[in-house]
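Here is the structure we will look at, set down as structure tokens.
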Amino acid sequence: MSTPNAPSGIGKAIRHLDLDYHDLPPSPAPSSPSNGRKYALATELVYTEGSDQYNASSVPIYQSATFKGGPGQEYDYTRSGNPTRTHLERHMAKIMNANRALVVVTGDDLYGGTNRLLTYLRENGGIIVKHVDTTRLENVKATLSEKTTMVLLETPTNPLIKIVDIAGISTAAHEANPECVVAVDNTMMSPYLQNPLDLGADVTYESGTKYLSGHHDVMAGVIGINSVALGDKFYFMINSTGCGLAPFDSWLLLRGVKTLAVRMEKQQANAMAIAQFLEGHGFKVRYPGLKSHSQYALHQSQARGAGAVLSFETGSIPLSERIVECTKLFGISVSFGCVNSLISMPCRMSHASIDPATRKERALPEDIIRLCVGIEDLGDLVDDLSQALVRAGAVRLTSNGFQALSAEETAGESGRTRQVVDEP
Ligand SMILES: *Cc1c(COP(=O)(O)O)cnc(C)c1O
């Protein structure tokens, strides 16, 4: 990028220039002009201002690889910087409480992808990777040393919905090695519900494919950082490998994120009701919004909501399979965070690549069903689940509502699956 002939000491102090010296108006606005109070996140999500010559209400897609002019101009080559992407990055930085956000293209499945990458780095990059149960602070502390260069966390985890103490681990990691980078995958929560940088993490990253975009029509990732030096390192990688997000994808993500607040509010309200519905029928439900969750208090202390992903166990793999096949509104699909409700069996789908021994080691139940709740009408969603539970043979409809079937009764239901599914 042909920009850094900017004065020294420049940065967030000068409001109209971002860290890359792009002269854009603040986006979104930092505070209400009438009372000086900081705008709430729901307002900031929607509010964007562009510097487009025609005052376009929607940020234009600068579908251009190059920009004419010469040295010293804001943009020259889209790999290094593009106005649509910059606008998105500034918007995201604000929302993530970061000084800088970078948007990149991501791989297909981080869970498997991260493991693959870590295995590769272990074998080829001379990096020692230690997997520990990060829900126990003592475990993490026992593993940390001055040689620990990064701690990689995810909370809540998926699909076991385990909660990790971001602040506690960040403090411990920085005590062990002040240079240690604590990175948090915030995909399950989104910046609307959780801000790892405010809890002491150095890097927060998340899949833009999920809640941020909300419609499963774009693949992207966002990295939020406060340290200028760390931001420069990430930018170097993005510029040299060319994985910066394309203008059209930047535009899609920018459009999607405006409705993050309304989508998330509706999705988690639906999720809470469904979690209570399932728990009420005797299923073992994992959802951080339920008081029965063993780490309910920890989650509440670091997040503003429980999100919209939950999982439950039925006690029988064939029964779980039948329930998944019998839902209609819940689409059978990997991924989550879109406006439509989804259902899956992680051991058969998203986590199938993890070998069964490892799944067992991580106590991932083979019958676990994951629900990613969307914005549909709650009554219709509960109805859909109810009929699936009845048709799959998990519950029986009685005059007082539903009644759970015993293990022997449900075992007798297997083999009926296709017949049930084929019913009109
Ligand atoms: C989906 C997912 C990712 C990967 O994101 P993609 O956009 O699919 O590359 C990373 N972390 C978590 C927790 C995810 O669920």
Side-chain angles (χ1 to χ4, degrees), residues 85 88 92 96 101-118 131 134-135 150-164 166 182-196 201 203-224 234 237-238 241 243-246 248-250 252-254 256-257 260 264 267 271 286-288 299 302-303 306-311 331 333-340 342-347 349-354 362 364 368 370-374:
R85 185 160 77 225
L88 169 66
M92 290 309 309
M96 298 169 103
L102 296 163
V103 291
V104 298
V105 182
T106 60
D108 55 348
D109 177 9
L110 195 91
Y111 212 119
T114 301
N115 264 336
R116 250 197 321 268
L117 185 59
L118 292 176
H131 292 277
T134 49
T135 59
M150 178 179 264
V151 176
L152 193 63
L153 305 172
E154 200 179 313
T155 180
T157 63
N158 160 29
L160 292 178
I161 321 289
K162 290 199 226 165
I163 312 299
V164 166
I166 299 174
V182 178
V184 181
D185 183 331
N186 201 43
T187 308
M188 287 276 276
M189 287 284 100
S190 89
Y192 184 64
L193 297 180
Q194 185 169 271
N195 302 103
V203 176
T204 177
Y205 67 94
E206 57 186 90
S207 167
T209 316
K210 314 285 171 63
Y211 289 112
L212 292 177
S213 66
H215 298 77
H216 279 182
D217 50 12
V218 61
M219 293 209 71
V222 184
I223 306 166
F234 278 115
M237 283 299 286
I238 291 165
T241 61
C243 64
L245 201 62
F248 183 61
D249 289 355
S250 296
L252 274 176
L253 187 50
L254 196 51
V257 82
L260 174 63
M264 191 55 108
Q267 286 178 260
R286 297 171 201 246
Y287 182 62
H299 183 76
Q302 60 186 13
V309 178
L310 60 114
S311 58
S333 167
V334 293
S335 196
F336 59 87
C338 103
V339 289
N340 299 89
L342 305 173
I343 190 167
S344 68
M345 279 181 77
C347 289
M349 299 168 73
S350 52
H351 296 64
S353 63
I354 304 171
R362 291 203 213 158
L364 184 57
I368 200 166
R370 190 183 74 176
L371 295 180
C372 307
V373 183

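No hydrogens, no waters, no symmetry mates; every other heavy atom, side chains included, goes into these values. Atoms within each ligand, like the ligands themselves, are counted from 1 in listed order. On a predicted model such as this, the values are computed, not experimentally measured, just so you know.
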By ring pair (Phe, Tyr, Trp, His ring centres under 6.0 Å) - contacts of Tyr287 (at least two apart): none
Taking the non-hydrogen atoms of Glu154, is any one of them nearer than 4.0 angstrom to ligand 1? yes
With a 4.5 Å heavy-atom cut-off, do Arg286 and Pro159 have their side chains touching? no
Taking only heavy atoms of Thr209 into account, list the atoms of ligand 1 that are under 4.0 Å away from them. 6 (P), 7 (O)
N/O separation below 3.5 Å, Asn158 to ligand 1: no
Which of the atoms in ligand 1, numbered in the order shown and given with their element, are less than 4.0 Å from a heavy-atom of Phe336? 15 (O)
Where does Lys210 meet ligand 1, judged by heavy-atom distances below 4.0 Å: at the side chain, the backbone, both, or neither? side chain
Between the side chain of Ser213 and the main-chain N/O of Gly256, is any donor-acceptor distance below 3.5 Å? no
Ala220 near ligand 1, heavy-atom distance under 4.0 Å? yes
So does Val309 get a backbone contact from the side chain of Gln267, meaning a donor-acceptor N/O pair under 3.5 Å? no
So, does His215 use its side chain to make a donor-acceptor pair with the main chain of Thr209 at under 3.5 Å? no
